[in-house]
There are 2 protein chains.
Amino acid sequence: RIKASGLKLQLCTNETQATRENFVKKLRAMGFDISVAEVTAPAPAACRLLRERGLRPHLLVHDDLVPEFAEVDKTNPNCVVLGDAAENFTYANLNEAFRLLIGMEKPVLISLGKGRYYKETDGLKLDVGAYMKALEYACDVQAEVVGKPAKRFFESALAELGVPPEQAIMIGDDIVNDVGGAQQCGMRALQVRTGKYRPSDENHPKVKPDAYVNNLAEAVDIILQQL
Amino acid sequence: RIKASGLKLQLCTNETQATRENFVKKLRAMGFDISVAEVTAPAPAACRLLRERGLRPHLLVHDDLVPEFAEVDKTNPNCVVLGDAAENFTYANLNEAFRLLIGMEKPVLISLGKGRYYKETDGLKLDVGAYMKALEYACDVQAEVVGKPAKRFFESALAELGVPPEQAIMIGDDIVNDVGGAQQCGMRALQVRTGKYRPSDENHPKVKPDAYVNNLAEAVDIILQQL
């Protein structure tokens, strides 16, 4: 309905357990008519950053994400890229990433998000942010976070759309990463009362959405009414 | 020589990969005449704390440390005790400790030290502090650190000796954990220029030892000369 109305649409995801191709496949199977070009995701954003700065990454990421880095030179690494590696977060792999970082004159750690945890069918799991903190502390460095809520990430989504922030609206369920990040970038932001949303979000000490909606369909209704 | 001179001696270690019994065995094999009662270590300090506060721990520690917690009730845990678990720092074990913490009304995380990393024959390894930071971030809690440089840890060593801090001298190779910790407790502290010592320690922004010695034997010489 948004696309049919002539409005532009970009999906901003922090998904780092799948390539954009597979992410889009999953959404299309759910009935969303989107293409890879309409997805802004941390891994391609990281690839851009690596290219710009001549960085060669050591990857500690999920196996299914590795194809996103196919074009990147990974020989003789001079930085570490950290994603939600899940089962790849082994003691051996963490020590390896750590040794590479601590051996660099100026360690560069790029993290594909800074989530604390997430829920899967078999329970809560530590997210990439927790492992990022472990490496930050051990190496006394600050990671560069790619993905929501980084300002640069929202800016690249806006650049894809060719729209200035004041003409864009972010819709999301995460009070800090979606709503707060978009607002810091000059966009308005709606929080949906589904998914990650918790009633306590409505008393968040730092972030206040421009409006609440009960679900994605209601957000679309309201936006289309304004046209 | 220290003990023969009539001075009292207590060993303060952050060792959490072995029981005091095994630690003492190793030192005796090296020619040091010490007993278990002369060792202050994080695990027994944690046991005291657990007892005092009626806490039942879930242990994420090295297998060889588990016997130190033999007397502690570990059923239906209401806190997590984290040590340098080494190979036990698996993705599954970290998620398990995390889930227990996040499920507590007020998560209690007790960490047996906060070291960043250490060196073994096969290379550098992430130490307990890195994993502590991961869990702190994921659960939005602050760990209670047992072991050096915690003031309480040095105080319990002094209590064992029955000596006030101003009559005690700490000798150690770690500028922050040994020297800084002891000084904050009112003791004087010597740094030995062996082991963990790095020349850059002599320009440490926050900690300045009362004196440097080239090795442990020199420390003993100097102390005995003052008698």
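All values derive from a computational prediction rather than experimental measurement. Proteins come first, then strands; the chains are lettered A, B, ... in the order of their sequence lines, and each starts at number 1.
- Nearest heavy-atom pair, B/A138 versus A/A130, reported as atom, atom and distance to 0.1 Å: CB-CB, 4.3 Å.
- Of the listed residues (A/A86, A/G129, A/G123), the one with the most heavy-atom contacts under 4.5 Å to chain B is A/A86.
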Between these two chains, chain B and chain A, I want each donor-acceptor atom pair under 3.5 angstrom written on its own line with its distance.
residue: B/N95; atom: OD1; partner: A/L126; partner atom: N; Å: 2.8
residue: B/R99; atom: NE; partner: A/L124; partner atom: O; Å: 2.7
residue: B/R99; atom: NH2; partner: A/L124; partner atom: O; Å: 3.0
residue: B/K114; atom: O; partner: A/Y137; partner atom: OH; Å: 2.5
residue: B/R116; atom: NE; partner: A/Y137; partner atom: O; Å: 3.1
residue: B/R116; atom: NE; partner: A/A138; partner atom: O; Å: 3.3
residue: B/R116; atom: NH2; partner: A/A138; partner atom: O; Å: 3.1
residue: B/L124; atom: O; partner: A/R99; partner atom: NE; Å: 2.7
residue: B/L124; atom: O; partner: A/R99; partner atom: NH2; Å: 3.1
residue: B/L126; atom: N; partner: A/N95; partner atom: OD1; Å: 2.8
residue: B/Y137; atom: O; partner: A/R116; partner atom: NE; Å: 3.1
residue: B/Y137; atom: OH; partner: A/K114; partner atom: O; Å: 2.5
residue: B/A138; atom: O; partner: A/R116; partner atom: NE; Å: 3.3
residue: B/A138; atom: O; partner: A/R116; partner atom: NH2; Å: 3.1

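- Of the atoms belonging to A/F89, heavy atoms from both backbone and side chain fall under 4.5 Å from chain B.
- Contacts of A/A92 with chain B are absent, with no heavy-atom separation under 4.5 Å from either backbone or side chain.
- Taking SG of B/C139 as the start and CG of A/L126 as the end, the distance is 7.5 Å to the nearest 0.5 Å.
- Atom CG of B/L100 and atom CG of A/L124 lie 11.0 Å apart (nearest 0.5 Å).
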